[in-house]
Amino acid sequence: MTALRHSYSCGCFYTDNIFIQEFHVHVRYTGELQFRRDYERIKMEVERRRKLGEESLHRRTEISLHYKPLYPEVYLLQESFLAAEFLAAVRYSKSPQANIEGLLHHLHSIPGNGHIPDKRIYRLPVFIPEFCAKLVEELENFERSDLPKGRPNTMNNYGILLNELGFVDELTAPLCEKYIQPLTSLLYPDWGGGCLDSHRAFVVKYALQEDLDLSCHYDNAEVTLNISLGKEFIDGNLYFSDMKEVPVNERTYVEVEHVTGQGILHRGQHVHGALPITSGERWNLILWMRASHVRNKCCPMCDREPVLVKTLGDGDGFTSVGEEREQMVDVCTLT
């Protein structure tokens, strides 16, 4: 008679990698206490998000009353801040004969690999190095102050929200509207590149003993521009895979090196991240550019028709039906 043999499974089979089909995520469950603790963390994050607009407006007021800029001139966009190659690309994009083939002669197209040779990622000089250095000094001066500081998001613990510091109205808004949109209207017409009507601007900082890298993610934006401001650092390359709808096992990756003053232009829903730096400090200016005409139909974060909730502050680029009509979005070219 054959002796009874016991069979075994690892205990993790009953606690780890539990797939929730509805949300397409794997979770861990070790007991009621852990479940409640994790739920409380989620609840706290939701409550934090509900307060973001109010707290941001409070910080903005405090900063405007009490912060003395080190370099007031960097808050006002001047063409002298912009690279000659960037200005040439913009001039071409505004010309009557402009088309995407001609524009690509002014940009560097990042080559893809695998099944998608063209990832529609572009490198272009944006700022001169002298402006980048001055802007970083201004941001460091603000960081040394004891004024309240909002951080860009839950993935970046170090960085600055530029709207709170007063950079948007006369620096990033004209940069987006007057200079970047002529480019995006040719490069990304299918993503609202010709009718970008709001943006979110922030700076992120990476350093040893602080944030080193950035996990894989996609942006709450139709189009993103990521500009390297310096300083001196080693490693920390960006990496891009494919658009978020591409299955993980089919994605291919390409690395992109940071060059001070140069920007990387890509679609916001393009999955990407940043590798760890190994020394120094890296500062980047991020512009999330949004087209209400696109996102009013489908929220880029949940892929459903948005349920609009009024918020204080700048919101996320959605508009009501009446506001959309007022903006005359029929000028937006969508394919």
Glu257 side chain to Asn237 side chain, donor-acceptor N/O pair below 3.5 angstrom: no

Carboxylate-amine/guanidinium proximity below 4.0 Å for Asp303 and Lys244: yes

His258 and Arg282: side chain donor to acceptor below 3.5 Å: yes

Distance flag, aromatic centroids of Tyr239 and His272, threshold under 6.0 Å: no

N-O pairing of Glu210 and Lys205 below 4.0 Å: yes

Side-chain heavy atoms of Asp316 within contact of Asn220, under 4.5 Å: yes

Validation row: Arg267, Gln269 side chains within 4.5 angstrom (heavy atoms): no

Gln97, CD atom: more than 12 neighbouring heavy atoms under 6.0 Å: yes

Contacts under 3.5 angstrom, residues 155-162 side chains, donor-acceptor by atom type, not counting sequence neighbours:
{"unit_1": "Asn156", "atom_1": "OD1", "unit_2": "Asn153", "atom_2": "ND2", "d": "3.4"}
{"unit_1": "Asn156", "atom_1": "ND2", "unit_2": "Tyr206", "atom_2": "OH", "d": "3.1"}
{"unit_1": "Asn157", "atom_1": "ND2", "unit_2": "Asp211", "atom_2": "OD1", "d": "3.2"}

Lys51, NZ atom: more than 12 neighbouring heavy atoms under 6.0 Å: no

Backbone of Arg60 reached by a side-chain donor or acceptor of Ser64 within 3.5 Å: yes

Pair Thr224-Asp219, side-chain donor/acceptor within less than 3.5 Å: yes

Crowding at CD, Glu143 (>12 non-hydrogen neighbours, <6.0 Å): yes

Derivation of the side-chain contact (heavy atoms from CB on, under 4.5 Å) call for Ile110 and Arg123: CA-CA 7 Å; Ile110 303 298; Arg123 179 196 295 281; 4.2 Å; yes

Contact check, side chains of Leu225 and Met289, non-hydrogen atoms, under 4.5 Å: yes

Common cluster, Leu187/Phe86, ILVMFWY with side-chain heavy-atom separation under 4.5 Å: yes

Donor-acceptor contact below 3.5 Å, side chain Tyr92 vs main chain Asn99: yes

Distance in Å, Leu285 CG paired with Leu229 CG, rounded so as to fall on 0.5 Å steps: 5.5 Å

Heavy-atom neighbours of Tyr29 OH exceed 12 at 6.0 Å: yes

Point-to-point distance, once rounded to the nearest 0.5 Å, from CH2 of Trp288 to SG of Cys176: 13.5 Å

Criterion side-chain contact (heavy atoms from CB on, under 4.5 Å) on Cys299 and Phe318, from CA distance to verdict: CA-CA 9 Å; Cys299 171; Phe318 299 96; 4.0 Å; yes

Where Gly261 and Cys132 come nearest, the two heavy atoms and their spacing: CA-SG, 3.7 Å

Thr184 side chain to Gly193 backbone, donor-acceptor under 3.5 Å: yes

Between Arg251 and Asn249: side-chain donor-acceptor atoms closer than 3.5 Å: no

Gln181 side chain vs Glu177 backbone, donor-acceptor pair below 3.5 Å: no

Derivation of the side-chain contact (heavy atoms from CB on, under 4.5 Å) call for Tyr75 and Leu165: CA-CA 9 Å; Tyr75 290 76; Leu165 196 48; 3.8 Å; yes

Rounded distance (nearest 0.5 Å) linking atom NE2 of His66 with atom OG1 of Thr61: 9.5 Å

Leu82 CG to Leu77 CG distance, which is reported to the nearest 0.5 Å: 5.5 Å

Side-chain (His217) to main-chain (Ser215) donor-acceptor, under 3.5 angstrom: yes

Salt-bridge criterion met for Glu305 and Lys297 (N-O under 4.0 Å): no

salt_bridge(Glu45, Arg48) N-O dist < 4.0 Å: yes

Heavy-atom donor-acceptor pair, Asp235 side chain to Pro276 backbone, under 3.5 Å: no

Residue pair Asp314 / Ser198, side-chain donor-acceptor N/O under 3.5 Å: no

Asn296 (side chain) donor-acceptor with Ser292 (main chain) under 3.5 angstrom: yes

Donor-acceptor pair, side chain of Glu232 and main chain of Gly280, under 3.5 angstrom: no

4.5 Å side-chain heavy-atom contact, Glu140 and Lys231: yes

Verify same cluster id: Phe240, Tyr218 (apolar side-chain graph, 4.5 Å): no

Asp242 and Glu250, any side-chain heavy atoms less than 4.5 Å apart: no

Side-chain ion pair, Glu164 and Arg200, N-O less than 4.0 Å: no

Sub-4.5 Å side-chain heavy-atom contact between Ile264 and Leu238: yes

Test side-chain contact (heavy atoms from CB on, under 4.5 Å) applied to His293 and Cys195, step by step: CA-CA 8 Å; His293 187 63; Cys195 56; 4.2 Å; yes

Single-linkage hydrophobic cluster, 4.5 Å side-chain cutoff, Leu107 and Leu265 together: yes

Ring-ring centroid check Phe142 Tyr67, cutoff 6.0 Å: yes

Distance-only donor-acceptor check, side chains Glu222 and Tyr188, under 3.5 Å: no

Heavy-atom side-chain contact between Leu275 and Asp213 under 4.5 Å: no

Ion pair check, Glu32 and Arg36, cut-off under 4.0 Å: yes

Test item: side-chain donor near acceptor, Tyr179 and Glu79, under 3.5 Å: yes

Close side-chain approach of Asn163 to Thr172, heavy-atom, < 4.5 Å: no

Same apolar cluster (I L V M F W Y, side chains within < 4.5 Å links), Leu103/Leu87: yes

Arg290 with Asp197: basic N within carboxylate O range, under 4.0 Å: no

Co-membership, hydrophobic cluster, residues Val259 and Leu124, 4.5 Å side-chain: no

Approximate separation, where rounding is to 0.5 Å, of Arg50 CZ and Thr311 OG1: 11.5 Å

Any donor-acceptor N/O pair, Lys149 side chain to Leu147 backbone, under 3.5 Å: yes

Shortest non-hydrogen contact between Asp169 and Pro174, atoms and distance: O-CD, 3.4 Å

Distance-only donor-acceptor check, side chains Asp38 and Gln34, under 3.5 Å: yes

His266 side chain vs Tyr122 backbone, donor-acceptor pair below 3.5 Å: no

Check: Phe81 ring centroid to Phe127 ring centroid under 6.0 Å: no

Point-to-point distance, once rounded to the nearest 0.5 Å, from CG of Leu208 to OG1 of Thr278: 7.5 Å

Smallest separation among heavy atoms of Ser93 and Leu183, with atom names: OG-CD2, 3.1 Å

